[in-house]
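A note on names: the letters A, B, ... follow the listed sequences, proteins ahead of strands, and every chain is numbered from 1. This structure is a prediction, so every number in the text was calculated from the model and none was measured.
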Amino acid sequence: MSDSERIDWNTIEQKWIKRWHDARVFETEPDESKKKYFVTVAYPYPNSPQHIGHGRTYTLADAHARYMRMKGFNVLFPMGFHYTGTPILGMSRRVASGDSDLLDTFHKIYKLSDDVISTFVEPVKIASYFHSEIKMGMKEMGYSIDWRREFTTIDPVYSKFISWQFRMLKKKGLIVQGSHPVGWCPRDQNPVSQHDTMGDVEPDFTEYTLVKFHSGDKVYPAATLRPETLFGVTNMWVNPETEYVEASVDSETWVLSRDAARKLEFLNHKVEIKTSVKGSNIVGSKLANPLTGLLVPVYPAAFVKSDSGTGLVMSVPAHAPYDYQALEELRVDERAKAEYSIRDVASPIKIIESEGYSGIPAAEAIAKSGASSQNDPRLEEATNDLYSHEFYKGKMMGNTGKYSGTTVSSAKIEVRQEIVQSGQAATMYELVNKPVKCRCGTECVVKLLSDQWFLNYGDKDWKAQVHECANKMDIVPQDIRQEFDYVIDWLRERACARKTGLGTKLPWDPEWIIESLSDSVIYMAYYTISKYVNSGVLSDSGISDLFFDYILLGIGSADAVSKESGLPVSAVEQIRAEFAYFYPVDSRHSGRDLVPNHLTFFIFNHVAIFGAANWPRQIVVNGSVLMEGKKMSKSLGNIIPLRTAIRENGADTIRLAMLVSAEILQDADFSFDTVRGIRAKLAGIFEMAARCAGNGGDSAPGSEDKWLLSRLQRIIEETTASMDRLRMREAIHYILYSLEQDQQWYLKRANAKGSQGNLATLSKCLEVQLRLLAPFAPFTSEEIWERMGKKDDVTSSGWPAADNEAIDLHAEESEFLVSSLLTDLQSIVKVTKIVPKKIAVYTCAPWKKFVYKAVLAQVLGGKTNFGEIMKILLADPQTVRAKTDPKLVQKMMEDILSSPLDARNRRMKLPEFSEGEALMDASSLLSAENNKAEIVIYSEEDPEKFDPKQKSKFAKPFKPAIYME
RNA sequence: GCGGGAGUCGCCCAGCAUGGUCAAAGGCGUAAGACUGAGGCUCUUAUCCCUUAGGGGUUCGUGGGUUCAAAUCCCACCUCCCGCACCA
């Protein structure tokens, strides 16, 4: 059993969770004497337990909150729960109907008992169950949340808050009404989304142009995606076997398939079916093309399906592979021609030219695809290829009237506009991935919802302000900023209410419920209010817009609010002051999937409602989590519940493993190898603490102590710089790996001198490490901190600051010299395979140092021209000796250019550095690392030196010469 | 198509903003050694190629360019991933 397994992480965790709770350490009150910092993270939707993937965003936010707290800010980090929306409702229905997929998930993955599941027929029970499950997980993860401010989005006061928000937006003219299409279940009378369908398919539909061909006053509508090809229509297709109907549609008489008539009803047409007509009876008639007025014949075609479009298809053989193929097959089908007395089969009319197609494009596309019949699936491919090719590269030909010469992409829009406006065409929506079945088994359709309410994100002035806000905001990481700018420009009207689901009723039209991405955009403000709801000071009775106007905007007076609500004036003032203190949001964390929606809406709505002083300051976006390199999914069975992972590995381990595997925007790969490694590291820190607490093995501090303490300051500096940019992965590397590496070097040096290291130095290191680690591994840090006998907790010890006094360039240079000498020795041993018994090291002659310094000064000043530098050297008596060995100068330049910038600067600053002393101090290590060889150190100019192979003359500054035997 | 991102030494993944110990961190894997009754634990060392003196050669998607110096800057190209809506 290894040490890491011997530590009882869960007990330590429970102990600190209780302590934090009892001492109320994360309950944040306004405090005018301290700077506030308000961190929020997108609240969870409680329809499942949290898994590892969810943990990343919250852990990042928590580490951020803890870091800022240690930096001395009065940090507020609250949490709420998003009950609003439709998926929970859908789940509840599925429970009621005994959906075996869902029940299976509950039993096998979530391990729920039947008693619990049976309560789930009530949607709120699902939400509240997972709510408490998630909350426990958050506590177990050690999140530093002020739980007094917790709320759900169906709380009565929250509803009032949302009503206020919406009335506000409406007053500002940002909410508009219109109609829009949705996937729809005719039986449930509800919109359907992915969660509501069998097989979890998202209903996907496109907009067709419904072209009204006619014969007399009867309309024969044909649905098309390519209205611009109307000029090339040669005929129509009808399936002779299909049932068509004659129906009154709105005020016209239409002939179309029975299926299509039904679909039109959902698209808000008034449809009344009069008579049934067999397809074969339509074949042979002639219909007028509304755009060109030309009459085209109706031909029979088996490929026409009654439930696709209208059951009538306009045929453009020159540009549609299906049409071309069907036409060619008909041309040689004597039986069909005889049956429907078709004499001359029409010929394709080409109306679009595009690079790469010289003849009839459809024919060429078919040939290229290799398709050979109407039923060949490759025809589909050919269709898509040709369609997109012509859309992007095609031009309308001379036979298209005023559209001649325009691009296909614009002709498509213009033709459509022309015929729709003149009443010769209508719009039809059609599912492209049908059949889509609702979970109730009914086949879904597209429904046009009328009088839908939209948030008008397309509003120009609004957009301009949002850009202004976004430009001022700190977006972390910067890489994602462009994406925000793009989304801001691209957003237009967005439906903000729906007919079902949990949520707040639209205040002026209670048939509608406010949609869940619209009621979750300014709720961060609500955390300053919810505290008073939870404490019993505030309830929904008596409060109205007056209250929110005053608290959130400072409009009106406390007196008026008090009079209306019955709250004491002082309470009203206090709530107002609390909001004023904590707002604006200093940092908002979320996953990158929310960039194109929530995070951008968050900016939009803040800009609309609040003054610029309360606009959010920062957005932090993180990538998702992979499990052992793979996407997490039910089918792979690799979804690990967060609480299970905590129980098995410890919260701190999970926290670190989550943050260390990738930089913030990258996908983080969670792997158990990493977990194991992290756990061992943490156990190592426990061991170090035990060692520091022990009394054996102390020894006097040496030069390596100065070095380690100097390095410690560097690590503090670097870690702080990383944290300020929220580069947490990098920060953890410094804290866990760099620091440990330095400690190891230190111990190696000490051990070689026969000491075990100085306990004061090691303790100092450990203390700093624990403080740096506290935001990431709060349990471990607190526990060890306490075991070290510290009175206060590690959080209140503050974030360490680098101590400039402890930075020791001399010590840094010494160790640097020693370690590069070790590397040189190693490579000599490796190449020569000498087993060294005696090693002589020669430091360079003083004049070389002068030359080095002079060259270094030139290089640091940006001069790298050898001739010029040589001239300067020769002009100075101190360095004139360089003349005897120009090659050496060349070599020094190379040395300098290939040394790190901080080493160059350090050497420039170091007034006197004795390589001999440094090497003497480390001779024990040099020997220990080299077969316990005898180490002798000379100056190059020492007349008494031992130098059998004349190596000493190769000595250079910071690069002593070596002889070994 | 539009928009965004990525391509690094067996694999994963840093580095690129601010060009210079970058043959390129860390982890995994692999090899040897230590520990152990034995290890799947842990620790140490090695891990592009060549080299009997600290050296040299060739690498960071491909091809050019800028520079004393390029994984890093510029141009072109190839390949892959993600988003494109009313859904949390």
- Message: Under the rule for side-chain hydrogen bond (donor to acceptor under 3.5 Å, both in side chains), what residues qualify as partners of A:Y45, not counting sequence neighbours?
- Response: none
- Return the value, rounded to whole Å, for the distance between atom CD1 of A:I839 and atom C1' of B:A53. 12 Å
- State which of B:U44, B:A88, B:A85 makes the closest approach to the side chain of A:Q744. B:U44
- Task: May I ask you to say what A:F454 touches in the nucleic acid, namely base, sugar-phosphate or nothing, with a heavy-atom cut-off under 4.0 Å?
- Result: nothing
- Message: Can you tell me which nucleotide in B:U44, B:G83, B:A14 comes closest to the side chain of A:P596?
- Response: B:G83
- Item | Gap between atoms NE2 and P, on A:H733 and B:G26 respectively (whole Å) | 9 Å
- Is the Lys NZ or Arg CZ of A:R588 less than 6.0 Å from the centre of A:F602's six-membered ring, within 45° of the axis? yes
- Query: Side chain of A:N597, base of B:A88: donor and acceptor closer than 3.5 Å?
  - Reply: yes
- Note on the structure: Closest of B:A14, B:A88, B:C12 to the A:E663 side chain is B:A14
- Using the C1' atom as the reference point in each nucleotide, state the distance between B:A25 and B:U42 in Å, no decimals. 23 Å
- Item | Spacing of A:Q858 atom CD and A:M870 atom CE [to the nearest 0.5 Å] | 13.0 Å
- Which heavy atom in A:V621 sits nearest to a heavy atom in A:G591, and how many Å separate them? CG1-C, 4.1 Å
- Query: Has A:R498 got a side-chain N or O lying under 4.0 Å from the OP1 or OP2 atom of B:C87?
  - Reply: yes
- Quick one: label A:Y45 by what it contacts on the DNA or RNA (base, sugar-phosphate, nothing), any heavy atom closer than 4.0 Å. sugar-phosphate
- Just call it for A:P960: base, sugar-phosphate, or nothing, with non-hydrogen atoms closer than 4.0 Å on any strand. base
- Task: Assign A:S899 to base, sugar-phosphate, or nothing according to its heavy-atom contacts below 4.0 angstrom with the strands shown.
- Result: base
- Query: At under 4.0 Å between heavy atoms, what does A:E515 touch on the DNA or RNA strands: base, sugar-phosphate, or nothing?
  - Reply: sugar-phosphate
- Message: Please give the distance between the P atoms of B:U79 and B:U30 as a whole number of Å.
- Response: 36 Å
- Query: Is the number of heavy atoms from other residues, nucleotides or ligands within 6.0 Å of NZ (A:K499) greater than 12?
  - Reply: yes
- Note on the structure: Whole-Å distance, A:K412 NZ to B:G1 P, equals 16 Å
- Item | Rounded interatomic separation in angstrom, taking CD1 from A:I678 and P from B:U42 | 13 Å
- Is any NZ, NE, NH1 or NH2 atom of the basic residue among A:E894 and A:K891 found under 4.0 Å from an Asp or Glu carboxylate oxygen of the other? yes
- Message: Could you tell me how far B:C22 sits from B:A71 if I compare only their P atoms? Round to whole Å.
- Response: 12 Å
- Query: B:G20, B:A14, B:A53: which one has an atom nearest the side-chain heavy atoms of A:A662?
  - Reply: B:A14
- Query: For A:F816, which contact category applies under a 4.0 Å heavy-atom criterion: base, sugar-phosphate, or nothing?
  - Reply: base
- Lys NZ or Arg CZ of A:R906 over A:F816 ring: under 6.0 Å, within 45°: yes
- Query: Under 4.0 Å between a side-chain N/O of A:S898 and OP1 or OP2 of B:A69, yes or no?
  - Reply: no
- Query: Say you pick atom P in B:C49 and the same atom in B:C16; how far apart are they, in whole Å?
  - Reply: 28 Å
- Rounding to a whole Å, what distance do you find between A:L599:CG and B:G83:C1'? 14 Å
- Is there a side-chain polar atom (N or O) of A:Q482 under 4.0 Å from OP1 or OP2 of B:G5? yes
- What does A:Q478 touch in the nucleic acid at a heavy-atom separation under 4.0 angstrom: a base, only the sugar-phosphate, or nothing? nothing
- Say you pick atom C1' in B:G29 and the same atom in B:G40; how far apart are they, in whole Å? 15 Å
- How close or far is atom C1' of B:G54 from atom CD of A:Q826, stated in whole angstroms? 11 Å
- Message: Tell me whether the side-chain N/O atoms of A:S516 come closer than 4.0 Å to OP1 or OP2 in B:A88.
- Response: yes
- Item | Proximal nucleotide (of B:A85, B:G54, B:C12) relative to the A:F954 side chain | B:G54
- Item | Carboxylate-amine/guanidinium proximity below 4.0 Å for A:R714 and A:E812 | yes
- Just call it for A:L517: base, sugar-phosphate, or nothing, with non-hydrogen atoms closer than 4.0 Å on any strand. base
- Query: Which nucleotide sits closest to the side chain of A:L901: B:G20, B:C12, B:U47?
  - Reply: B:G20
- Task: Pick base, sugar-phosphate or nothing for A:L491, based on heavy-atom distances below 4.0 Å to the nucleic acid.
- Result: base
- Task: Take atom CG of A:L682 and atom P of B:U42, then tell me their distance rounded to the nearest Å.
- Result: 14 Å
- Note on the structure: Comparing nearest nucleotides in RNA chain B, the 5'-proximal residue of the pair A:H180, A:R907 is A:R907
- Given B:U51, B:A53, B:U45, which nucleotide is nearest the side-chain atoms of A:K830? B:U51
- Note on the structure: Between OH of A:Y486 and P of B:G3 the distance, given in whole Å, is 7 Å
- Derivation and outcome, side chain to side chain contact (heavy atoms under 4.5 Å, CB included), residues A:Q741 and A:W745: CA-CA 6 Å; A:Q741 253 171 31; A:W745 172 263; over 6 Å; no
- Message: Counting only side-chain nitrogens and oxygens, does A:R727 get under 4.0 Å of the OP1 or OP2 atom of B:G15?
- Response: yes
- Item | Rounded P spacing from B:G20 to B:A69 in Å | 14 Å
- Select base, sugar-phosphate, or nothing to describe what A:E740 touches, counting heavy atoms under 4.0 Å on all strands. nothing
- Query: With respect to the side chain of A:A961, which nucleotide from B:G54, B:A17, B:A85 is positioned closest?
  - Reply: B:G54
- Task: Return no unless some side-chain N or O of A:Q666 is found under 4.0 Å from OP1 or OP2 of B:G5.
- Result: no
- Query: In whole Å, what separates the C1' atom of B:G7 from that of B:U62?
  - Reply: 11 Å
- Query: In terms of side-chain heavy atoms of A:R676, which of B:A53, B:C13, B:C41 is nearest?
  - Reply: B:C41
- Message: Could you go through A:F454 and A:H180, starting from their C-alpha distance and side-chain angles, then the distance that decides it, and tell me whether this counts as ring-ring contact (aromatic ring centres under 6.0 Å, His included)?
- Response: CA-CA 10 Å; A:F454 294 95; A:H180 89 120; 5.7 Å; yes
- Task: Hey, which sits more toward the 5' end of RNA chain B by its nearest nucleotide, A:L594 or A:I480?
- Result: A:I480
- Remember a base hit wins even if backbone is also touched, and classify A:M893 as base, sugar-phosphate or nothing at under 4.0 Å, heavy atoms. nothing
- Give me the ring orientation class for A:W490 and A:Y486: parallel if the planes are under 30° apart, tilted from 30 to 60°, perpendicular past 60°. parallel
- Message: Taking Watson-Crick (N1-N3 plus N6-O4 or O6-N4) and G-U wobble (N1-O2, O6-N3), each under 3.5 Å, can you produce the dot-bracket string of RNA chain B? Use [ ] for crossing pairs and | for inter-strand ones.
- Response: ((((((((.[[[..)....(.....]]]((((((.......))))))(((....)))...[[[[[..)....]]]]])))))))....
- Tested for side chain to side chain donor-acceptor pair (under 3.5 Å) against A:K959, the lone hit among A:T843, A:D824, A:D895 is A:D824
- C1' atom, B:C12 versus B:G83: distance in rounded Å? 25 Å
